[in-house]
Number of protein chains: 2
Amino acid sequence: MPDESFAGVSPDAARRLLLAAVEAFAERGFHATTTRDIAGRAGMSPAALYIHYKTKEELLYQISKVGHERSVTTLTEAAGSTESAPGRLASAVRSFVHWHAAHHTTARVVQYELAALGPEHYTEILGLRHRCEETLRQVLEDGVASGDFRVSDTRGTTTAIMSLCVDVSRWYRPEGRRAPEDIGELYAELALRMVGCGQAHPGGERRS
Amino acid sequence: MPDESFAGVSPDAARRLLLAAVEAFAERGFHATTTRDIAGRAGMSPAALYIHYKTKEELLYQISKVGHERSVTTLTEAAGSTESAPGRLASAVRSFVHWHAAHHTTARVVQYELAALGPEHYTEILGLRHRCEETLRQVLEDGVASGDFRVSDTRGTTTAIMSLCVDVSRWYRPEGRRAPEDIGELYAELALRMVGCGQAHPGGERRS
DNA sequence: GTCTATAGATTGATAGAC
DNA sequence: GTCTATCAATCTATAGAC
């Protein structure tokens, strides 16, 4: 099961092409991937691609859009609960990191092939990303206001936490030691520490 | 002054080509960059490139090698001082982050275009990177042993800190709010917090 | 060492049969 | 909708004059 993010795409051939493109883009990057390679992975002739997508860039755009929407939803749902700020931060980072590990192929394309998008598509996707960062920053602001967090530079700290989460998709390998759940848990703990809300003794209970 | 990392490269034309390649690769990526573009930026004809470099990949290899060596040196020197573990960690992160911001074009190529290297060059550069990570991990181990740090998963936390530092080269822009020094300082503070050694009250003195 | 010119291969995308 | 065949453009790298 490579990725269920594109399960809703139809017809079948269009979805197969999209999944093949995700795989190829994640492996070699957009510019190093040929349309022949994508079509081949989907078990079709080079020309078949252009029945379902107008250009190679449109494939990247669809991947970026759907992928970004998924990851933004994951983050905002976790960050928007009614919990305390520490709970929301931990939950947001845990979910966001889990997504970037579990869907590391899609995530890699979404995060690192952005520059290959056409100007208008690029701007659109950048907007989604901006909303994502703002959501996280709001959690930090709330935590500072409630006295749970001690952060001198919320904007810079938000960027740092985002870097941490996003970069998981770059180095994560399914054969590796850690499962997506474990990484999410570790990173949630690290994020809490970064905002001055971590416990001193790892492994025990938080906030006695 | 784009980058002094390649000041020692001679003859002059070879260095100009290398700097042009760094610029182009950082801007568009290796595969989206043409040899014509590189030669053009260096003020030469397309063919002139091949007098100094056998292939386009060799240009990337030279950049990756010199760049990686510089960043590794920066990190290991800072991490290898005789200070306490917290001092060494702060110093290492501060220097490493500063380098990735100040040399963000070179750093971006070094960190994100690795996959375009030939297999043997790729393996060689990966070795440098591995040494880099081991150096940082040793600081964390030392800090845990001395009781300064409280870390349950040193390997995972090392990866996280490396992600943080490296990712700076991806989002850093010279026109941005923060200078490389400021980012280095903030990230050193964040790294100390991640290992359970941060102060609760930002802006004050550390370790009273 | 640098140029102009170009070979040789590959690419994104299209035409037209089925 | 999918195929085979192919166009036109572009790319890396080389040949040979100066």
Side-chain angles (χ1 to χ4, degrees), chain A residues 6-65 109 113-122, chain B residues 6 8-64 109 113-122:
Chain A
F6 305 98
V9 177
S10 84
D12 183 75
R15 188 181 61 258
R16 264 163 42 221
L17 284 163
L18 211 58
L19 290 171
V22 170
E23 207 178 281
F25 291 163
E27 209 173 294
R28 313 138 114 81
F30 177 82
H31 291 290
T33 299
T34 68
T35 52
R36 282 167 169 78
D37 181 20
I38 296 168
R41 285 179 198 243
M44 303 166 85
S45 79
L49 191 152
Y50 294 92
I51 298 156
H52 303 281
Y53 301 95
K54 212 160 58 181
T55 63
K56 186 172 103 170
E57 192 264 356
E58 202 199 313
L59 269 165
L60 178 63
Y61 172 60
Q62 292 298 338
I63 295 165
S64 297
K65 200 163 79 106
V109 177
E113 301 297 326
L114 261 188
L117 286 169
E120 67 297 334
H121 288 161
Y122 180 75
Chain B
F6 307 97
V9 178
S10 85
D12 184 75
R15 187 181 61 257
R16 263 162 43 221
L17 284 164
L18 211 58
L19 290 172
V22 169
E23 207 178 281
F25 291 162
E27 210 172 294
R28 312 141 115 83
F30 177 82
H31 291 291
T33 300
T34 69
T35 52
R36 280 170 168 77
D37 181 21
I38 297 168
R41 285 178 197 243
M44 304 167 83
S45 80
L49 191 152
Y50 294 91
I51 298 156
H52 302 281
Y53 301 95
K54 213 159 58 180
T55 63
K56 188 172 102 169
E57 192 266 355
E58 201 198 314
L59 269 164
L60 178 62
Y61 172 60
Q62 293 297 338
I63 295 164
S64 298
V109 177
E113 301 298 325
L114 260 189
L117 287 169
E120 65 299 334
H121 288 162
Y122 179 75

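Sequence lines set the chain letters: A, B, ... in the order given, protein chains first and strands last, and positions in each chain run from 1.
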Partners passing ring pair (Phe, Tyr, Trp, His ring centres under 6.0 Å) against Tyr53(B) (at least two apart in sequence or in another chain): none
For His52(A), give me all partners under ring pair (Phe, Tyr, Trp, His ring centres under 6.0 Å), at least two apart in sequence or on another chain. none
Let me know the distance between CD1 of Ile51(A) and P of dT4(D), rounded to the nearest Å. 12 Å
Those residues at least two apart in sequence (or on a different chain) that pass side-chain hydrogen bond (donor to acceptor under 3.5 Å, both in side chains) with Arg15(A) are Asp12(A)
Using a 4.0 Å heavy-atom cut-off across all strands, classify Ala48(B) as base, sugar-phosphate, or nothing. sugar-phosphate
Leading and trailing nucleotides of DNA chain C with any atom under 4.0 Å from heavy atoms of chain A: dT11(C) to dA15(C)
Please name the pair of heavy atoms, one in Ala42(B) and one in Leu17(B), separated by the smallest distance, quoted to 0.1 Å. CB-CD2, 3.8 Å
Has Arg36(A) got a side-chain atom pairing as donor or acceptor with Pro46(A)'s backbone, closer than 3.5 angstrom? no
Using side-chain contact (heavy atoms from CB on, under 4.5 Å), reason through His31(B) and Arg28(A) one step at a time and then give a plain yes or no. CA-CA 10 Å; His31(B) 291 291; Arg28(A) 313 138 114 81; over 6 Å; no
Of all of residues 24-38 of chain A, which get a heavy atom below 4.0 angstrom from DNA chain D, listed by number? Arg36(A)
Fit a plane to each ring of Phe30(B) and Phe25(B), take the angle between them on a 0 to 90° scale, and name the class: parallel (under 30°), tilted (30 to 60°) or perpendicular (over 60°). tilted
Quick one: which residue pairs count as a salt bridge (Lys or Arg N to Asp or Glu O under 4.0 Å) with a foot in residues 44-57 of chain A, not counting sequence neighbours? none
